[in-house]
*Asks:* 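Have a look at this one before I ask anything.
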Amino acid sequence: MLGLAELAQPLQLVFFGAPGAGKGTQAERFARHYRIPKISTGEMLRRASDERTELGALVSETIHRGELVDDELMIDLVRSRLEEPDVANGFVLDGFPRTVVQARALDALVPHALIIALDVSADNLLRRLSSRGRTDDSLDVIRERLKIYESNTRPVLDYYRSRSMIAVVNGNRSEDAVTDAIEASIVRCLEPRETS
Ligand code: ADP
């Protein structure tokens, strides 16, 4: 992977893809390598759902139904996280945006983020999710999450396709091969801006 010094701007990466696409794994790798925070909305929500508050209970119910947490709540959550000082040198976002409303809000907050979309076949998604063993990974809930991905989240791809800052990466490969492909995309997408 390239070194931070080779990048002329803070790396603002957004990992996009269906549940099970490998966003979390790749986000973790890039965050560690570039020493920038990984912001995972799924992890933030799971933490919130462990708290014995009214909000925690609501979030827990939503996650275990395989549904999406309310846009307004998600946008507030991500906005306040992005206001923290540690994101000044860049960040990796995992799990947000999941709706077009969230994508528009993110655009306003971070206009130059690079979107990495991981493309993974339905067969592979099902296989990965059913071997993961998280409490929201039962077969019924997985099916619901994939359905909601198709209806609410996939349209975000078309939204980003109309802009230039998206790289679609084939995620049906080994973790290392996917990491290499993402790195190549980052270089390709950021180069023109460095020289301009
Ligand atoms: P996966 O790794 O399967 O993509 P995540 O850990 O990212 O799952 O998210 C787990 C759950 O948290 C989702 O199924 C959803 O209920 C909720 N969630 C996470 N991010 C968002 C978001 N941006 N908007 C709405 N709900 C979200």
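Every number for a ligand or one of its atoms is a count from 1 in the order of the listing. None of the values given here were measured: they were computed from a predicted structure.
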*Asks:* Any nitrogen or oxygen of Glu43, main chain or side chain, under 3.5 Å from a nitrogen or oxygen of ligand 1?
*Replies:* no

*Asks:* Test of understanding: given a 4.0 Å heavy-atom threshold, classify the contact between Val69 and ligand 1 as side chain, backbone, both, or neither.
*Replies:*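 Both parts.
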
*Asks:* Does any N/O atom on Leu68 come nearer than 3.5 Å to any N/O atom on ligand 1?
*Replies:* no

*Asks:* Arg98 to ligand 1: N or O pair under 3.5 Å?
*Replies:* yes

*Asks:* Below 4.5 Å, heavy atoms only, C-beta onward: do Glu67 and Glu61 meet side chain to side chain?
*Replies:*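 Glu67 does not reach Glu61 side chain to side chain.
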
*Asks:* With Pro37, which of Val92, Asp86, Asn89, Leu82 fulfils side chain to side chain contact (heavy atoms under 4.5 Å, CB included)?
*Replies:*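 Option passing the side chain to side chain contact (heavy atoms under 4.5 Å, CB included) with Pro37: Asp86.
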
*Asks:* Quick one: which ligand 1 atoms are inside 4.0 Å of a heavy atom on Arg46?
*Replies:* 6 (O), 10 (C)

*Asks:* Closer than 4.0 Å to some heavy atom of Thr41 - which atoms of ligand 1 meet that?
*Replies:* 19 (C), 20 (N), 21 (C), 23 (N)

*Asks:* Does the distance from a Lys or Arg side-chain N to an Asp or Glu carboxylate O, for Asp76 and Arg79, drop under 4.0 Å?
*Replies:*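 Salt bridge between Asp76 and Arg79, a charged N being under 4.0 Å from a carboxylate O: yes.
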
*Asks:* If you count the atoms of ligand 1 from 1 in the order shown, which ones are under 4.0 Å from a heavy atom of Lys23?
*Replies:*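 Result: 4 (O).
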
*Asks:* Students should be able to answer this: which protein heavy-atom is nearest to atom 14 (O) of ligand 1, and at what distance?
*Replies:*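 Here the closest protein heavy atom is Arg145 NE, 3.6 Å.
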
*Asks:* How many angstroms lie between CG in Leu68 and OG1 in Thr153, if you round to the nearest 0.5 Å?
*Replies:* 5.5 Å

*Asks:* When you look for heavy atoms under 4.0 Å from ligand 1, do you find them on the side chain of Arg132, its backbone, both, or neither?
*Replies:* side chain

*Asks:* For ligand 1, which atoms have a heavy atom of Glu67 less than 4.0 angstrom away?
*Replies:* 15 (C), 16 (O)

*Asks:* Are the side chains of Leu129 and Leu146 in touch, meaning some heavy atoms are under 4.5 Å apart?
*Replies:* yes

*Asks:* Quick one, Ile116 and Phe16 - any side-chain contact, counting heavy atoms below 4.5 Å?
*Replies:*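 They are not in side-chain contact.
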
*Asks:* Using a 4.0 Å heavy-atom threshold (strictly under), name the region of Arg65 that reaches ligand 1: side chain, backbone, both or neither.
*Replies:*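 Near ligand 1, Arg65 shows nothing, with every heavy atom at 4.0 Å or more.
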
*Asks:* Is there a donor-acceptor contact under 3.5 Å from the side chain of Asn172 to the main chain of Asn124?
*Replies:*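 No, Asn172 side chain to Asn124 backbone: no donor-acceptor pair under 3.5 Å.
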
*Asks:* Under 4.0 Å from a heavy atom of Ile63: which atoms of ligand 1 are those, numbered in the order shown and with their elements?
*Replies:*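 That gives atoms 12 (O), 16 (O) of ligand 1.
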
*Asks:* Take Asp136 and Arg65, measure what salt bridge (charged side-chain N to carboxylate O under 4.0 Å, His left out) needs, and give me the verdict at the end.
*Replies:* CA-CA 8 Å; Asp136 58 341; Arg65 278 201 305 263; over 6 Å; no

*Asks:* List the atom of Thr53, the atom of Gly56, and the distance in Å for their closest heavy-atom pair.
*Replies:*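 So the minimum-distance heavy-atom pair works out to OG1-N, 2.9 Å.
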
*Asks:* Show which atoms of ligand 1 fall inside a sub-4.0 Å distance from at least one heavy-atom site of Leu45.
*Replies:*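 Per the distance check, 12 (O), 17 (C), 18 (N), 19 (C), 27 (C).
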
*Asks:* Where is the nearest protein heavy atom to atom 24 (N) of ligand 1: which residue, which atom, and how far?
*Replies:* Gln102 NE2, 3.0 Å

